[in-house]
Amino acid sequence: MRVLILGSGGREHALAWAVAYSPLLSKLYIAPGNPGTAELGENVPIRAADVPAVVKFCQEQSIDLVIPGPEAPLVAGVADALAAAGIACCGPSAAAARLEGSKAFAKEVADAAGIPTAEWAEFEDEEAAHEYVEEMGAPIVIKADGLAAGKGVVVAQTIEEAHGAIHAIMAERVHGAAGEKLVIEECLEGEEVSVFALCDGLEAVFLGCAADHKRVGDGDTGPNTGGMGAIAPPPWADGEVVDRAMAEIIRPALEEMVLRGTPFRGFLFAGLMLTAEGPKLIEFNVRFGDPECETLLPMLKSDLLPALVAATNGTLRGMELRWKDEASATVVMCSKGYPGAYATGGEIFGLEEAGSLPGVCIFHAGTMAEQESILANGGRVLAVNAVGEDLAEAIERAYAAVDTLDWADGFCRRDIGRRAV
Ligand code: AMP
Ligand code: GLY
């Protein structure tokens, strides 16, 4: 099989790593990829969300399967354009990608499918939103409807903060067109987990459960990021939570999407709050998480590629993936200043030594190769993963790798998984 992965982050490096050794694979391309993916396949200089260029490349290179990493190409319709060209894509149509592209749409689907989720209301009128918040009180959650790079959500502890968020999103348009509509939600309390499933429209295969660390600072302080680290499995999500998430959230969502004539194929990511009343949906994403993907795939024993193919042609039913009975932890290393402004270009030493430590896999994200050197070239730069017998060992191994690296301009959280062990 000739396969093309779209994206350039740690998630895409992990996907490339998982399919690179499949006996089914004959050629692997990554667009645009990074220095890590270049070790496993051929990087091509095409932007992941440049749909016409992706389709043209697939036609020229007789690609059999496209695996999109991020949401942007999916929301832009890459799966539809590929389908029209007769090329399989392990990702949803633009219509199904609205589960991530519009928070109001996701809530409407959740309600129609009877999925437990926070009480909510949507607004296109700023005044009405302010009035609603006065009526409901704080804490309350304010969300820009559209894609806002993970920054469109404000968990407001006070009414004043809520009014400020409404004004910033709707009047100042801090997230641009994503703020044309607003979703206001009840604030849920509990532990958060992310549940992943591979879907073929009707069937869903469980891909694991992980806990992300979204804030930049130790002890969950500072601004939100794309994710500073993850652990799997989170000790607060046992088998019962997983069963309920699959039965009460993932499968009903698939059924509802079929009823709407827009079946969901690809990776479905359900962000959940484990409330006193059981798991409730916070949001859907239509892709694998980053760094959750780098955390879960190193525990997979089965070949991923046949499952991805099955997801595209509706034959997932009965497919079982085998997993290591171990635990996994990922520490994300970032350029100092992230998620604000940061400098790039600093050299990273010790990658080979750190990557050869027991259980360790280092996935590249914002890196750049210059001759024999690897330089930092982004905010999130490396995802340092380790698998161990239990979480304590996985975490210890990941930090041993982090401490073997020598990168003057880098930093990471020092408390990934601490609350779990
Ligand atoms: P989202 O982008 O929808 O995942 O939201 C970002 C973060 O905001 C989530 O990971 C939660 O920590 C928090 N959040 C979102 N919605 C709620 C809610 N209804 N109640 C409490 N926290 C929430
Ligand atoms: N790590 C969270 C996400 O990928 O959205």
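We count residues from 1, following the sequence as given. Each ligand, and each atom within it, is numbered from 1 in the order the structure gives.
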Where ligand 2 meets Gly289 - atom numbers and elements under 4.0 angstrom, heavy-atom basis:
4 (O)
Suppose we measure from atom 16 (N) of ligand 1 to each protein heavy atom; which comes out shortest, and what is that distance?
Lys143 NZ, 3.0 Å
Can you list the atoms of ligand 1 that are under 4.0 Å from a heavy atom of Lys214?
10 (O)
Using a 3.5 Å cut-off on N or O atoms only, is Leu188 in polar contact with ligand 1?
yes
Closest heavy-atom approach to atom 1 (N) of ligand 2 among Asp212, Thr225, Asn224 is made by Asp212
Non-hydrogen atom of Glu186 closer than 4.0 Å to ligand 1:
yes
Which residue and atom name correspond to the protein heavy atom nearest atom 10 (O) of ligand 1, and how close is it?
Glu192 OE1, 2.7 Å
With a 4.0 Å cut-off on heavy atoms, is Ala230 in contact with ligand 2?
no
Minimum-distance protein heavy atom relative to atom 4 (O) of ligand 1:
Glu283 OE2, 2.6 Å
Which residue holds the protein heavy atom closest to atom 19 (N) of ligand 1, what is that atom called, and what is the gap in Å?
Glu185 OE1, 2.6 Å
Atoms in ligand 1 with a heavy atom of Lys103 nearer than 4.0 Å:
2 (O), 3 (O)
Between Thr295 and the options Thr330, Asp290, Asn385, the side chain to side chain donor-acceptor pair (under 3.5 Å) test singles out Thr330
Atoms in ligand 2 with a heavy atom of Gly226 nearer than 4.0 Å:
1 (N), 2 (C)
Does one side chain, of His163 or His130, offer a donor that lies under 3.5 Å from an acceptor on the other?
yes
Can you see which heavy atom on Ala311 is nearest to which on Cys199, and at what distance?
CB-O, 3.5 Å
I'd like to know whether the aromatic ring centres of Phe123 and Tyr132 sit less than 6.0 Å apart in this structure.
yes
Atoms of ligand 1 close to Cys187 [distance to a heavy atom under 4.0 angstrom, numbered from 1]:
20 (N), 21 (C)
Using a strict cut-off of less than 4.0 Å between a Lys/Arg side-chain nitrogen and an Asp/Glu carboxylate oxygen, indicate whether Lys107 and Glu122 qualify as a salt bridge.
no
Note the single closest protein heavy atom to atom 5 (O) of ligand 2, along with its residue, its atom name and the distance in Å.
Arg287 NH2, 2.9 Å
Between Phe196 and Phe206, is the gap from one ring center to the other below 6.0 Å?
no
protein heavy-atom neighbour closest to atom 13 (C) of ligand 1 works out as Val155 CG2, 3.8 Å
Non-hydrogen atoms of Gly271 versus ligand 1: any pair closer than 4.0 Å?
no
Should Val66 and Leu6 be marked as a side chain to side chain contact (heavy atoms under 4.5 Å, CB included) after you check the CA-CA gap, both sets of side-chain angles, and the distance that decides it?
CA-CA 7 Å; Val66 176; Leu6 301 179; 3.9 Å; yes
Where is the tightest heavy-atom contact between Trp407 and Glu347, given as atom of each residue plus distance?
CD1-O, 3.7 Å
Name the option, out of Ile142, Ile140, Val153, that contains the heavy atom nearest to atom 7 (C) of ligand 1.
Val153
Is it the case that more than 12 heavy atoms not belonging to Glu172 sit under 6.0 Å from its CD atom?
yes
I need the atoms of ligand 1 closer than 4.0 Å to a non-hydrogen atom of Met273, numbered in the order shown.
21 (C), 22 (N)
Which atoms of ligand 2 have any heavy atom of Phe269 under 4.0 Å away?
3 (C), 4 (O), 5 (O)
Which of the numbered atoms in ligand 2 are below 4.0 angstrom from a heavy atom of Glu292?
1 (N), 2 (C), 4 (O)
Between the side chains of Asp212 and Ser194, is a donor N or O closer than 3.5 angstrom to an acceptor N or O?
no
Criterion salt bridge (charged side-chain N to carboxylate O under 4.0 Å, His left out) against Glu108, the qualifying member of Arg260, Arg98, Lys103
Arg260
Verdict with supporting geometry, Lys301 and Asp325, salt bridge (Lys or Arg N to Asp or Glu O under 4.0 Å)
CA-CA 10 Å; Lys301 288 203 283 192; Asp325 187 18; over 6 Å; no
Are any of the N/O atoms in Lys214 less than 3.5 Å from those in ligand 2?
no
The reported gap from CG in Leu297 to CD in Glu292 (rounded to nearest 0.5 angstrom) is 11.5 Å
